[in-house]
Colleague: 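Handing you this structure, nothing more for now.
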Amino acid sequence: MAENAIMAEGLRKRYGGTQAVDGVSLTVESGEFYGILGPNGAGKTTTLEIIEGLREPDEGEARVLGLPSWPRDRSLLRRMGVQLQASAFFEKLTAREQIRTFAALYGIPEERADAMLERVGLTEKADVRDDKLSGGQAQRLSIACALVHDPELVFLDEPTTGLDPQARRNLWDLLRQINAEGRTVVLTTHYMDEAETLCDRVAVMDHGRVLRVGPPRELIEELGADSLEDVFLQLTGREYRE
Ligand SMILES: Nc1ncnc2c1ncn2[C@@H]1O[C@H](COP(=O)(O)OP(=O)(O)OP(=O)(O)O)[C@@H](O)[C@H]1O
């Protein structure tokens, strides 16, 4: 049986009067492409942040690559990549400077940073400042920054939100390649077609809870639904929002 990349048990997190995460348990196998789906405010980001070791849960425990997420274990930082939103770039740097800065944080040589820029098809844009990149280019740069230290496990929070269909498809190809290289990929998304084509398994969340987990095709069959979008609607009682 495959070893687990992630194991979360009974996670809870409350912000004031909001129970953002309300007893989440899930496992992600090594090498799996795993999706967390849910409407706005379902608790996806908070769940990811707890697993990534960025937030302490009120209750429960998460283990990543066999180690506890909290308190933060520095040895884990090298082994996982977290895609930051484009707004989290260092200010006023070109694409090349941006990725070289991330690489330097991990002691990775500049040549490898440049090679990663090439890998995501941004060599021609290397001298362009990040705020002058298109949405798709900025997303590719943020993924490249998350991959520059060659992590085993990659977290992507809504990587294709706001992109046009062509840019989304290009990014899907990149994400497939990353996974095909043996990396475990965990992503959150609002797009059901994205989850259906990319993910081995998805967890559907709402109100801080996991409602159902399974391969998209099995969930569709189990619920007698037409599509994952229909599964989502049946489970959450609402349309997904983009
Ligand atoms: N730092 C915070 N302080 C207070 N409330 C928060 C904080 N972060 C999240 N929340 C609240 O917790 C709930 C879950 O938020 P979370 O961002 O985890 O959901 P999400 O599923 O990722 O939503 P979205 O798809 O909109 O990003 C929401 O009601 C949100 O308003």
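No hydrogens, no waters, no symmetry mates; every other heavy atom, side chains included, goes into these values. Remember, it's 1-based here, ligands and their atoms both numbered in the order they're listed. Quantities reported herein were computed from a predicted structural model and do not represent experimental measurements.
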Colleague: Does the protein put a heavy atom under 4.0 Å from atom 21 (O) of ligand 1?
Modeller: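 Given the 4.0 Å limit, the answer for atom 21 (O) of ligand 1 is yes, a protein heavy atom qualifies.
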
Colleague: Just checking Glu181: does its CD atom have more than 12 heavy atoms from other residues, nucleotides or ligands closer to it than 6.0 angstrom?
Modeller: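 Atom CD in Glu181 is crowded, with more than 12 foreign heavy atoms closer than 6.0 Å.
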
Colleague: So, does Glu49 sit close enough to ligand 1 that a heavy atom of it is under 4.0 Å from the ligand?
Modeller: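 It does not; every heavy atom stays at 4.0 Å or beyond.
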
Colleague: To the closest 0.5 Å, what do you measure between CZ (Arg63) and CE (Met7)?
Modeller: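 The distance works out to 6.0 Å.
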
Colleague: For Lys125, I'd like to know if atom NZ has over 12 heavy atoms of other residues, nucleotides or ligands within 6.0 Å.
Modeller: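 12 or below, so no.
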
Colleague: Is it the case that ligand 1 has an N or O less than 3.5 angstrom from some N or O of Gly41?
Modeller: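 Indeed, backbone or side chain, Gly41 has an N or O that close.
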
Colleague: Closer than 4.0 angstrom, basic N to acidic O: yes or no for Arg209 and Asp22?
Modeller: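 Salt bridge: yes.
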
Colleague: I'd like to know if the side chain of Glu56 reaches the main chain of Pro71, judged simply by a donor and an acceptor atom lying under 3.5 Å from each other, with no hydrogens or angles considered.
Modeller: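 No; judged by distance alone, with no hydrogens or angles, the pair does not exist.
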
Colleague: Any nitrogen or oxygen of Gly43, main chain or side chain, under 3.5 Å from a nitrogen or oxygen of ligand 1?
Modeller: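 Min N/O separation from ligand 1 is below 3.5 Å for Gly43.
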
Colleague: Enumerate the atoms of ligand 1 whose separation from the nearest heavy atom of Ala42 is less than 4.0 angstrom.
Modeller: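 Result: 19 (O), 20 (P), 21 (O).
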
Colleague: I'd like to know if Asp150 pairs up with Arg183 as an ion pair, taking the criterion as any Lys NZ or Arg NE/NH1/NH2 lying under 4.0 Å from an Asp or Glu carboxylate oxygen.
Modeller: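 A salt bridge is present here (some side-chain N lies under 4.0 Å from a carboxylate O).
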
Colleague: So which heavy atom in the protein is nearest atom 25 (O) of ligand 1, and how far is it from that ligand atom?
Modeller: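 Atom 25 (O) of ligand 1 sits closest to the protein heavy atom Lys44 NZ, 2.8 Å.
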
Colleague: Quick one: which ligand 1 atoms are inside 4.0 Å of a heavy atom on His190?
Modeller: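 Close to His190: 25 (O).
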
Colleague: If the threshold is 4.0 Å, N to carboxylate O, is there a salt bridge linking Glu222 and Arg212?
Modeller: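 A salt bridge is present here (some side-chain N lies under 4.0 Å from a carboxylate O).
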
Colleague: Could you check atom 16 (P) of ligand 1 against the protein and tell me its nearest heavy-atom contact, residue, atom and distance included?
Modeller: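 For this ligand atom, the closest protein heavy atom is Thr46 OG1, 3.7 Å.
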
Colleague: I'd like to know if atom 30 (C) of ligand 1 has any protein heavy atom within a distance of less than 4.0 Å.
Modeller: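 No, there is none.
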
Colleague: Can you tell me if Pro39 contacts ligand 1 (heavy atom of the residue under 4.0 Å from the ligand)?
Modeller: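 True for this residue.
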
Colleague: Using a strict cut-off of 4.0 Å, indicate which atoms of ligand 1 neighbour a heavy atom of Asn40.
Modeller: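 The list of qualifying atoms is 23 (O), 24 (P), 25 (O), 26 (O).
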
Colleague: Heavy-atom count check: over 12 atoms from other residues, nucleotides or ligands less than 6.0 Å from Arg112 CZ?
Modeller: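 Yes, enclosed.
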
Colleague: Please list the nearest protein heavy atom to atom 12 (O) of ligand 1 with its residue and the distance rounded to 0.1 Å.
Modeller: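 Atom 12 (O) of ligand 1 sits closest to the protein heavy atom Ala20 CB, 3.3 Å.
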
Colleague: Would you mind checking which non-hydrogen protein atom is closest to atom 1 (N) of ligand 1, with the distance to 0.1 Å?
Modeller: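 In this structure, atom 1 (N) of ligand 1 has Tyr15 CE2, 3.8 Å as its nearest protein heavy atom.
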
Colleague: Is there a polar contact between ligand 1 and Thr47, counting only N or O atoms under 3.5 Å apart?
Modeller: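 For ligand 1, there is no N or O atom that lies under 3.5 Å from one belonging to Thr47.
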
Colleague: Of the backbone atoms (N, CA, C, O) and the side-chain heavy atoms from C-beta on, which set of Met205 has a member under 4.0 Å from an atom of ligand 1: side chain, backbone, both, or neither?
Modeller: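 For Met205, there is no contact with ligand 1 at all, from either part.
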
Colleague: For Tyr106 and His149, take the angle between the two ring planes, folded into 0 to 90°, and tell me which bin it lands in: parallel under 30, tilted 30 to 60, perpendicular over 60.
Modeller: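 Tyr106 vs His149 ring planes: parallel.
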
